[in-house]
There are 2 protein chains.
Amino acid sequence: MPVAQRLEHVALELFATQGFDETTVDELAAAGGVGRRTFFRYFPTKLDVVLGELDEGLAGLVLALGEQPGDDPVAAARAAFLAVNRYADVELPALRRRLGLIEDVPELAARATVRYRDWESALAADAARRWDVDAASLRAQVFGRVVVAAMRAVFSAWHARPEADADALGALVDEAFDALARGFS
Amino acid sequence: MPVAQRLEHVALELFATQGFDETTVDELAAAGGVGRRTFFRYFPTKLDVVLGELDEGLAGLVLALGEQPGDDPVAAARAAFLAVNRYADVELPALRRRLGLIEDVPELAARATVRYRDWESALAADAARRWDVDAASLRAQVFGRVVVAAMRAVFSAWHARPEADADALGALVDEAFDALARGFS
DNA sequence: CTGGCGGGTGGCACCGAGTGCCGCTTAGCG
DNA sequence: CGCTAAGCGGCACTCGGTGCCACCCGCCAG
């Protein structure tokens with residue numbers, strides 16, 4: 001088992017039992033059988049142990065967006081998100097733990113939103129392309145941010161339903177995109 | 001001039017000239033003529049010197065939302081935001097400086113989004129009331145987050161236009177809410 | 001076999017944010 | 001005049017994060 005993965009696993013364990021703030025980096029490093037200094041070589045921040053793979057999806061999202069045809073950004077974004085968020089049943093418990101931590105450790109929530117900035121930009125750029133407008137235009141910018149916000153709501157809602165499975169996640173994604181497509185009035 | 005206000009003023013000055021990260025709390029305290037310990041009695045965090053009054057608007061927003069009639073949450077939110085964000089010309093430069101800092105100091109952006117959680121909740125609750133659905137329903141939750149996301153895009157866009165005035169801000173708000181009302185497809 | 005080379009490691013010292021504790025001043029009041 | 005209470009701020013401490021450097025170990029050249 002590679003060091004990074006071991007550290008990540010051990011860390012989520014400790015966070016779950018002791019709480020995030022109550023667990024120091026020294027403990028994490030010790031539990032992972034590595035020096036404190038080495039810990040920071042694998043994760044720039046204590047926060048990033050939790051968020052680590054969440055944004056590995058960015059590359060995937062950009063790729064998936066690129067593959068979508070048509071001139072409707074909503075449809076493209078919907079398809080891309082559905083494609084990217086295909087989780088195997090085995091992965092769901094870990095996903096739940098992560099979401100739980102992000103949800104109720106404010107610092108983590110904050111850090112997560114910073115990570116999402118790239119997603120917002122990517123979505124805005126894609127929408128601008130399909131609409132044939134400037135990527136800096138308000139409409140494109142609003143679109144990018146709004147889609148990410150909706151996805152955060154989806155994950156939050158999914159996490160709140162204790163026994164929702166992967167299909168439920170897809171259904172929520174669809175529902176959210178329906179709202180974005182049709183508007184709220 | 002009260003201590004808090006003086007500290008805030010001096011801090012924005014120093015942040016503008018030296019940068020946020022390059023300015024230590026000791027400098028802020030010294031520049032404000034108080035002890036380091038006292039600084040932390042007025043602001044829980046260095047970050048909060050910048051964000052301070054940004055979320056004083058929450059109470060105002062909730063109030064304004066309450067005053068809006070009708071069963072369309074978009075219209076209500078639009079009116080509430082327009083009512084809350086009435087800035088006098090004198091306030092604009094300070095607003096610009098704040099927005100600039102929030103925009104390009106990631107830590108500040110992160111902290112700001114945490115503050116916005118309450119706004120999201122308030123908007124979701126209001127929408128749920130007008131639609132007569134559960135406040136925890138996906139539609140209401142998505143609405144709350146999406147509106148705040150759109151407003152962030154508006155402020156960002158406004159900040160990006162160097163000579164936009166208070167009226168321009170209102171116009172951007174309208175444009176964003178139009179998009180939310182009609183949908184993106 | 002030996003001596004150099006390079007990457008991963010981790011100890012050490014340091015910085016800055018944030019906190020608890022406590023002694024000091026000062027204003028208000030009996 | 002003395003007592004009290006509140007604001008102030010120094011001091012010491014914790015913890016996250018960083019720069020520096022010595023060390024270990026596998027590798028290759030001589």
Side-chain angles (χ1 to χ4, degrees), chain A residues 1-55 98 101-102 104-115, chain B residues 1-55 98 101-102 104-115:
Chain A
M1 187 129 123
V3 190
Q5 194 183 333
R6 193 177 61 221
L7 278 174
E8 197 175 315
H9 185 260
V10 160
L12 286 179
E13 199 61 36
L14 284 178
F15 290 159
T17 60
Q18 312 184 343
F20 182 82
D21 288 329
E22 290 67 33
T23 308
T24 70
V25 174
D26 294 77
E27 293 180 75
L28 295 182
V34 44
R36 167 192 168 73
R37 197 63 187 76
T38 300
F39 174 90
F40 283 113
R41 272 205 197 82
Y42 285 96
F43 301 96
T45 289
K46 187 179 156 189
L47 300 165
D48 292 282
V49 188
V50 181
L51 301 177
E53 70 185 19
L54 259 194
D55 69 343
R98 266 172 220 278
L101 276 171
I102 295 174
D104 48 45
V105 178
E107 254 182 307
L108 280 169
R111 181 86 171 188
T113 64
V114 173
R115 299 285 199 93
Chain B
M1 187 128 122
V3 188
Q5 195 182 330
R6 191 177 64 220
L7 278 174
E8 197 175 316
H9 185 260
V10 159
L12 287 180
E13 197 61 38
L14 284 178
F15 290 160
T17 60
Q18 312 183 346
F20 181 82
D21 287 328
E22 289 69 30
T23 308
T24 70
V25 174
D26 294 75
E27 294 180 74
L28 296 182
V34 304
R36 167 193 168 74
R37 198 63 185 77
T38 301
F39 174 90
F40 283 112
R41 271 203 197 83
Y42 285 97
F43 301 97
T45 287
K46 187 179 154 188
L47 300 164
D48 292 282
V49 188
V50 182
L51 302 178
E53 70 184 20
L54 259 195
D55 70 342
R98 267 173 219 278
L101 276 171
I102 295 174
D104 50 45
V105 179
E107 254 181 309
L108 279 169
R111 180 86 170 187
T113 63
V114 173
R115 300 285 199 93

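Here is how names work: the chains are called A, B, and so on, in the same order as the sequence lines, proteins then strands, and each is numbered from 1.
If you take CZ of A:F20 and P of D:dC15, they are 14 Å apart, rounded to a whole angstrom. Regarding B:E107, its CD atom lies at a distance of 14 Å from the P atom of C:dG16, rounded to whole Å. Between the CZ atom of A:R111 and the P atom of D:dG16 there is a distance of 14 Å, rounded to whole Å. The distance between atom CZ of B:F40 and atom P of C:dA17, rounded to the nearest whole Å, is 7 Å. As rounded to whole Å, 13 Å separates atom C1' of D:dC15 from atom CG of A:L47. When the P atom of C:dA17 is taken as reference, atom CD of B:E22 falls 11 Å away, rounded to whole Å. One can place NZ of A:K46 at 18 Å from P of C:dA17, the figure rounded to the nearest angstrom. Rounding to whole angstrom units, CG of residue B:D21 and C1' of D:dT18 are separated by 14 Å.
Applying the side-chain hydrogen bond (donor to acceptor under 3.5 Å, both in side chains) test to every pair with at least one member in residues 41-51 of chain B, sequence neighbours left out, gives these pairs: B:T45-B:D48, B:D48-B:R111, B:D48-B:R115. Sorted by first and then second residue, the pairs that involve residues 29-38 of chain A and meet side-chain hydrogen bond (donor to acceptor under 3.5 Å, both in side chains), not counting sequence neighbours, are A:D26-A:R36.
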Inset, instruction - Using a 4.0 Å cut-off on protein heavy atoms (strictly under), produce a 5'-to-3' string for nucleotides 6-14 of chain C with B for base contact, S for backbone-only sugar-phosphate contact, and - for none. - result: ---BBBB--
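Although no hydrogens or angles enter the test, the distance criterion places no donor-acceptor pair under 3.5 Å between the side chain of A:R98 and the main chain of A:L51.
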Inset, instruction - Evaluate the side-chain contact (heavy atoms from CB on, under 4.5 Å) criterion for residues A:F20 and A:V50: first the C-alpha distance (whole Å), next the side-chain angles of each, then the deciding distance (0.1 Å), finally the verdict. - result: CA-CA 10 Å; A:F20 182 82; A:V50 181; 4.2 Å; yes
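A:L101 has its side chain within reach of A:L12: a pair of non-hydrogen atoms, C-beta onward, lies under 4.5 Å apart.
A pairwise comparison of heavy atoms in B:V10 and B:A31 identifies CG1-CB, 3.3 Å as the closest pair. The shortest heavy-atom contact between B:A109 and B:I102 is CB-O, 3.5 Å. Between B:L7 and B:G32, the closest heavy-atom pair is CD2-CA, 3.8 Å.
With sequence neighbours excluded, no residue forms a salt bridge (charged side-chain N to carboxylate O under 4.0 Å, His left out) with A:E27.
Comparing the helix axis at one end of the helix from C:dC1-D:dG30 to C:dG30-D:dC1 with that at the other, each defined from 5 consecutive pairs, gives an inter-axis angle of 20° (nearest 10°).
Here B:T45 reaches the OP1 or OP2 of C:dG18: one of its side-chain N or O atoms lies under 4.0 Å away.
Here the straight-line distance linking atom CG of A:L28 with atom CZ of A:F39 works out to 5.0 Å at 0.5 Å rounding. Atoms NE2 and CZ, on A:H9 and A:R6 in that order, are 12.0 Å from each other to the nearest 0.5 Å.
Within residues 4-13 of chain A, no residue has any heavy atom under 4.0 Å from DNA chain C.
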